[in-house]
Amino acid sequence: MRRSLPHRTAPTSPVDYGDRVKIALLDSGIGLLAAAAAVRGLRPDADLLLSCDPDGMPWGPRTPADLTGRALAAARAAAAHAPDALIVACNTASVHALPALRAELEPAVPVIGTVPAIKPAAAGGGPVAIWATPATTGSPYQRGLIREFADSVPVTEVPCPGLADAVEQADEAAIERAVAAAAARTPADVRAVVLGCTHYELVAERIRAAVGASVALLGSAEPVAAQALRRIGSRPAPDAAATGSLTVLLNGRESGLPGRATAYAEGRLLQAVPSVH
C-alpha cells in the first residue's frame, strides 16, 4: 500500500545558500559513503541522513522482491526525517527497487538512483572495462546500458567477486586480493574503467594503482550528488560554511557512523561533522 507523505512542491528557482538542505542516502552498508562525501563537498552546509540495513546486508545475493522490501524499509526510516531528496546509493538497489521507491515517496521526496558511468566512459572512446559485482556482470540491466551507450566501443565486463564484501568489512588483505584478481581480468589496453558498484569508489586509488595511472576511473558519486541538488532546485555551494549535520540510521535506529567507515577518507570526512543521534 502506498504510504501517504506530506506533499512538497519543488522550487522553481535555486534556493538561497542560507536555506537548509537535507539529503538522505540509503544502502545496505557503507557503499553510500562516496556519494555522501560528494554531497558534503558540493554543499558543506547540507544535513546528511544515512539509512543503512546492517541486519540485511549484503543486498546483492537477495531476490529482487526481498531486496526491494529491505530498501523500502530503509527509505521509510529516512522519509520519517523529512529529507528534501533521497539518493539510492547502491547499484543493485537502483536496478531492482527504484520503481517501488519512486512510487511510494515521490513527488514528496525526489528519489535519485545510481547508474554506472558507462555513457561518459564510452563517450571518451574505448576500450572500456566495467568492474561490477558477479550478480550485475552480464545482467540484462548492464547489457542494456552497454547496448544503449557503448555500442560503438569495445567493452569488457569484469566480475569482482568478494570486492564489495571486502570493502564493507574494511578487510585490507581481502581488498588487495580482489582488486588484483579483477585487474588480471582487465585487458591491458583499456582507456577507462567504470566502477559499477558504489563500494568500489572507496578504494578507487587502489584500483588505479592496479590498472595503471593512465587509466581513467569513472564512478557515480559526484554525478549523483549533483543530480540530487538539481532535483530539489538547489545548486552547489562548496564554499559554504561546514554547518551540515550527520544522522545515521541502522535499521531505523539512530546510531553513530560504523567504526569501519573511518577506514576510508570519505568516512573520516563525514565523521568530522556534527552527528545527530
Side-chain angles (χ1 to χ4, degrees), residues 8 15-57 70-71 73-90 93 101 105 109-112 114 167-170 198-199 201-204 219-232 234-277:
R8 181 182 288 119
V15 297
D16 293 334
Y17 293 163
D19 291 352
R20 297 303 294 181
V21 173
K22 181 184 288 187
I23 304 294
L25 303 96
L26 70 80
D27 185 19
S28 62
I30 62 174
L32 48 62
L33 291 178
V39 175
R40 176 67 69 219
L42 292 175
R43 288 296 299 259
D45 59 337
D47 295 328
L48 297 180
L49 173 68
L50 313 184
S51 186
C52 304
D53 179 32
D55 291 351
M57 63 182 295
R70 302 203 73 94
R76 289 167 184 153
H81 292 253
D84 298 302
L86 172 69
I87 293 173
V88 183
C90 172
L101 291 167
L105 298 183
V109 180
V111 179
I112 298 89
T114 298
V167 174
E168 178 67 35
Q169 300 304 321
T198 54
H199 280 77
E201 297 191 48
L202 299 177
V203 292
S220 301
E222 292 183 5
V224 163
Q227 175 65 3
L229 293 181
R230 283 193 294 269
R231 286 289 305 274
I232 64 174
S234 186
R235 55 184 172 179
D239 295 328
T243 57
S245 66
L246 177 68
T247 301
V248 178
L249 303 177
L250 303 181
N251 293 109
R253 302 179 297 272
E254 292 194 25
S255 178
L257 199 63
R260 62 186 179 279
T262 60
Y264 306 103
E266 294 86 348
R268 294 190 293 273
L269 172 69
L270 296 174
Q271 188 185 45
V273 305
S275 294
V276 178
H277 62 86

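As a basis for the values below, the full set of heavy atoms in this structure was taken, side chains included, without hydrogen atoms, waters or symmetry mates. If you're wondering where the values come from, they're calculated on a predicted model, not measured in any experiment.
Taking the side chain as every heavy atom from C-beta outward, T243 and P44 never approach each other to under 4.5 Å. A heavy-atom distance below 4.5 Å is not found between the side chains of P236 and R43. When side chains are defined from C-beta on, L249 does not count as touching L50, because their heavy atoms never get closer than 4.5 Å. Taking the side chain as every heavy atom from C-beta outward, I87 and V39 approach each other to under 4.5 Å. Between V88 and I112 the shortest side-chain heavy-atom distance does not fall below 4.5 Å. Within the 4.5 Å cutoff, the side chain of D47 has no heavy atoms near those of the T247 side chain.
We find the CG-CG distance between D84 and L229 to be 10.0 Å, quoted to the nearest 0.5 Å. Put simply, CG on L25 and OG on S51 are 9.5 Å apart, with the number rounded to the nearest 0.5 Å. Rounded to the nearest 0.5 Å, atoms OG (S245) and CG (L48) are 7.5 Å apart. Taking CE from M57 and SG from C52, the interatomic distance works out to 8.5 Å, rounded to the nearest 0.5 Å. Atoms CG and CG, on D53 and L250 in that order, are 9.5 Å from each other to the nearest 0.5 Å. The CG atom of L246 sits 10.0 Å away from the CG atom of L269 when rounded to the nearest 0.5 Å.
A pairwise comparison of heavy atoms in H81 and K22 identifies O-NZ, 2.9 Å as the closest pair. A pairwise comparison of heavy atoms in L202 and Y264 identifies O-CD2, 3.6 Å as the closest pair. The two residues L33 and A261 have their closest heavy-atom pair at CD1-CB, 3.7 Å. Pairing each heavy atom of L86 with each of A75, the nearest pair is CD2-CB, 3.8 Å. Closest approach of A71 to L101, counting heavy atoms only: O-CD2, 3.8 Å. Among all heavy-atom pairs drawn from A78 and A24, the shortest one is CB-CB, 4.0 Å.
Residues passing the side chain to side chain donor-acceptor pair (under 3.5 Å) test with Q227, sequence neighbours excluded: R230.
A donor-acceptor pair under 3.5 Å is absent between the side-chain atoms of D45 and the main chain of A241, judged by distance alone. Looking only at distances, a side-chain donor or acceptor of E168 sits under 3.5 Å from a matching main-chain atom of I30. In this structure a side-chain-to-backbone donor-acceptor pair under 3.5 Å is present from T198 to A89. No side-chain donor-acceptor contact under 3.5 Å links R260 to the backbone of V167.
Counted by atom type alone, R70 and S28 present zero donor-acceptor pairs between their side chains at under 3.5 Å.
Ion pairing between a basic and an acidic side chain is recognised when a charged N comes within 4.0 Å of a carboxylate O; R40 and E266 show no such pairing.
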